[in-house]
Amino acid sequence: MNVIQPIRGRSKPPAATLGLVDVDIHPRMKKPTDLNRWLSQRWQDHLSTYGIRARHGFVGGQPPFPKAQPLACRRDAWPPTGGTPASDLDFLRFQLLDQYGVDVGVLNPLQPSGQGDNNNEFSAAMAYAVNEWQLEEWTRKEPRLRASVVVPYDDGPASAREITLRANDPNFCQVLMMSRTAEPAGKSRYWPIYEAAEAAGLPVAFHAFGYSGWAMTNGGWPSFYTEEVSEHAISAQNQVVSMVVEGVFERFPKLKVVMIECGFAWAPNVAWRLDQHWKQLRGEVPHLKLKPSEYIKRNIWFSTQPMEDPERPEHILDIMGWIGWDKILFASDYPHWDFDDPLLALSGAISTEKRRDIYGGNAVKLYGF
Amino acid sequence: MLHGQRAIDVDVHPLVPNMAALTPYMDEFWRDQVVERGINTIASQNYPPNAPKTARADWKQASKVSDLQSQLLDPYGIETAIVTPLYGTQMVFNADMARAFTRALNDWTRAEWLDRDSRLRASIVLPMHDPEHAVEEIERLAPDRRFVQAQVLVMGETPAGKRQHWQVYQACIKHGLPLAIHAGSSFRHPVTSVGWPSWYLEEYSAQAQGFQSTLGSLITEGVLSKFPELKIVLLESGVTWLMPFLYRLQKTWKGTRFEIPWVDRPPIEMVRDQVRLSCQPFDAPPEVVPRVLEMLGSDDMLMWASDWPHWQYDGEAAIPPGLPASLMPKLLRENALATYGRLRAPACVKE
């Protein structure tokens, strides 16, 4: 977590010998009307009149828990040219891509992307526009960047159409969902997304955030941003459980799921718990042919930032080892306030070879970069 | 005897057979309501009566003291068992009904269990949807020192740390009662923050997420800081979710503590001082247990429980495999004695 980064010379992490891949960069629009050229007049009017209507009580998709920093961003990420953090490609190059020698950066656009909007049809129109905007403003100008297929995830068939439209465009490297869907992610309403993604050979990423419309904890709404940040890891656990237990990975065995900014230290205990209680409850779920933990091990990847911080550094080795060293992907979360500096984020307790894989090797294999 | 210890079992669940068992403990008005409205049962969906988790095949009979004696107390040589019935009385939406039914449940526990075996102690089951009713129930029953803790469900209507619940925690402290938080939802919300899952396996798994959110709430709202003498006992939580959750919460706290300035020391330290956990179930394969214990970083936190009659283990394997023999005296006895003030002194019925 670095609200302001120290200024120093350009440097790539020495261990990143298989490349430095940052799987979590958040590009922003310069102004709200940037998407208009890809929206019909009707949806332009809708956006300007009603705006983003998320499943909570606040206007404009502004979250119910005020962030720790303006726009949750690093104080030094506001471009000198004006505008908001990560809205200026040159400054993003200067502060991230060139600074650390990033070879590939994965764009995960957040609001106002229209994801999780109350209006599915609007959400679908926005997703198309955001995807065109990523191509036009980012990937065509900067070959190191890759786009995510933003989908109106609560409309499965519309999402599948958007995925199929982008399937053969190498600028897109994954499908992007938020971690709080309107129903658990394993439910059949989302299967068209997984089917299309599997067919296109695109991983499906769940990025922490979104508003399901349900209380943020299974015991009601919490009070603090501190809790909200924790709750992202918690809802992600429910999503993994749902995808496993509903049989998503039985039905789509080649599907690759990437949990981004959801943390990862919980993954082993979620797998252990499922295995433990599946022993007594497996009669309920005969559609599962493998132990629950085996699906997690086979089908799910995890990004690093924000890394859980054990008291003793060697315990991060245990946790990563339990997950699988080939399943951990480096993420910086640029330009957010809890940005992980590529030079500092990975503990020296992790061997050079394993850091090499986390920085780049694993992502290169997963995405085929 | 388990490992040569006269064990203390902190999580045992008598099954309430039906509402007719509770009506003798209700006043005329509520007895009449039960009969006239045909309220035959108010069993909780947390443990569907016929689901395999709810009762082990050889523990299906669990509604009488003699069942507990023959299945658990006698063969295990147990010194003390703390009973917590998980009937749905805490969950009902009408606060007056919840109060009346919960009173009846606690009186049933006293008459049908505590009065019938001196090895037994009990939880004061709390109707939490009106905190004043919960306080009233603590005040009513605390003079009977066989009630050794107060019990709530992990998933309530609002997160446990919220200020409207603090009067309940103050009443616990006043009477030296730990607050026991047991797995289970009162179903004010879906059991996941992304909606209702399809399968009971998912629902049972979701308890571990409920414990994380609840503990997070108790920490961030300031319950642990404000009431350092309050002991929190997490029952049937699964244990292994705890440290990974705290690793994230504590890291976040370093960056956001400005919004919760009363959390003035590292959350992990507070949890080690004030939070205790029952060890059934213990969600981990035996080979990783030593590492999990190392992360826990304290021998004082785990307490043994059978979770009778829930099906957590087979046969006599009452201790989760992988726990070292050196932990047994604390696990089976000493940690419970340190947690429950009322177990350290001979119980007399009136204070």
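Below, chains carry the letters A, B, ... as their sequence lines are ordered, and counting in each starts from 1. These numbers come from the heavy atoms of this one structure, side chains and all, not from hydrogens, waters or symmetry mates.
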Judged by modelled atom types alone, do Ser230(A) and Gln212(B) share a side-chain donor-acceptor pair under 3.5 Å? no
Just checking, [X] and [Y]: is the charged tip under 6.0 Å from the six-membered ring centre and within 45° of the axis?
X         : Y         : answer
Arg55(A)  : Tyr211(A) : no
Lys53(B)  : Tyr200(B) : no
Arg163(B) : Trp262(B) : yes

Below 4.5 Å, heavy-atom pairs only: which of [options] has the largest tally toward chain A?
options                                    : answer
Pro52(B), Gly216(B), Ala206(B), Ser205(B)  : Ser205(B)
Gly161(B), Ser193(B), Ser198(B), Gly210(B) : Ser193(B)
Gln312(B), Lys162(B), Arg188(B)            : Lys162(B)
Glu157(B), Arg56(B), Arg257(B), Glu221(B)  : Glu221(B)

Where does Thr214(B) contact chain A at under 4.5 Å (heavy atoms): side chain, backbone, both or neither? neither
Phe258(B), part contacting chain A, at a heavy-atom distance under 4.5 Å: side chain
State whether Lys187(A) and Glu202(B) are salt-bridged, where the test is any N-O pair (Lys NZ or Arg NE/NH1/NH2 against Asp/Glu carboxylate O) under 4.0 Å. no
With a 4.5 angstrom heavy-atom cut-off, could you sort out which part of [X] is near chain B: side chain, backbone, both or neither?
X         : answer
Asp309(A) : both
Trp221(A) : backbone
Ala215(A) : both

Name the option with the most non-hydrogen atom pairs under 4.5 Å to chain B; the candidates are [options].
options                                    : value
Pro310(A), Ser235(A), Pro222(A)            : Pro310(A)
Glu246(A), Arg180(A), Glu231(A)            : Glu246(A)
Thr181(A), Ile234(A), Val244(A), Leu274(A) : Ile234(A)
Ser223(A), Gly263(A), Ser293(A), Ser212(A) : Ser223(A)
Arg312(A), Glu284(A), Glu183(A), Glu311(A) : Glu284(A)
Gln280(A), Gln276(A), Glu308(A)            : Gln280(A)

Taking atom NZ as the centre, does Lys226(B) end up with more than 12 heavy-atom neighbours from other residues, nucleotides or ligands that are less than 6.0 angstrom away? no
Please tell me whether Tyr334(A) and His26(A) form a close aromatic pair, meaning their ring centres lie under 6.0 Å apart. no
Report the relative orientation of the aromatic rings in Trp266(A) and Phe302(A); use parallel for angles under 30°, tilted for 30 to 60°, perpendicular for over 60°. perpendicular
Whether Phe209(A) and His232(A) hold their rings parallel, tilted or perpendicular, with breakpoints at 30° and 60°: tilted
Kindly determine whether Glu294(B) and Arg291(B) satisfy salt bridge (Lys or Arg N to Asp or Glu O under 4.0 Å), including the steps that lead there. CA-CA 5 Å; Glu294(B) 204 179 282; Arg291(B) 277 303 216 209; 2.9 Å; yes
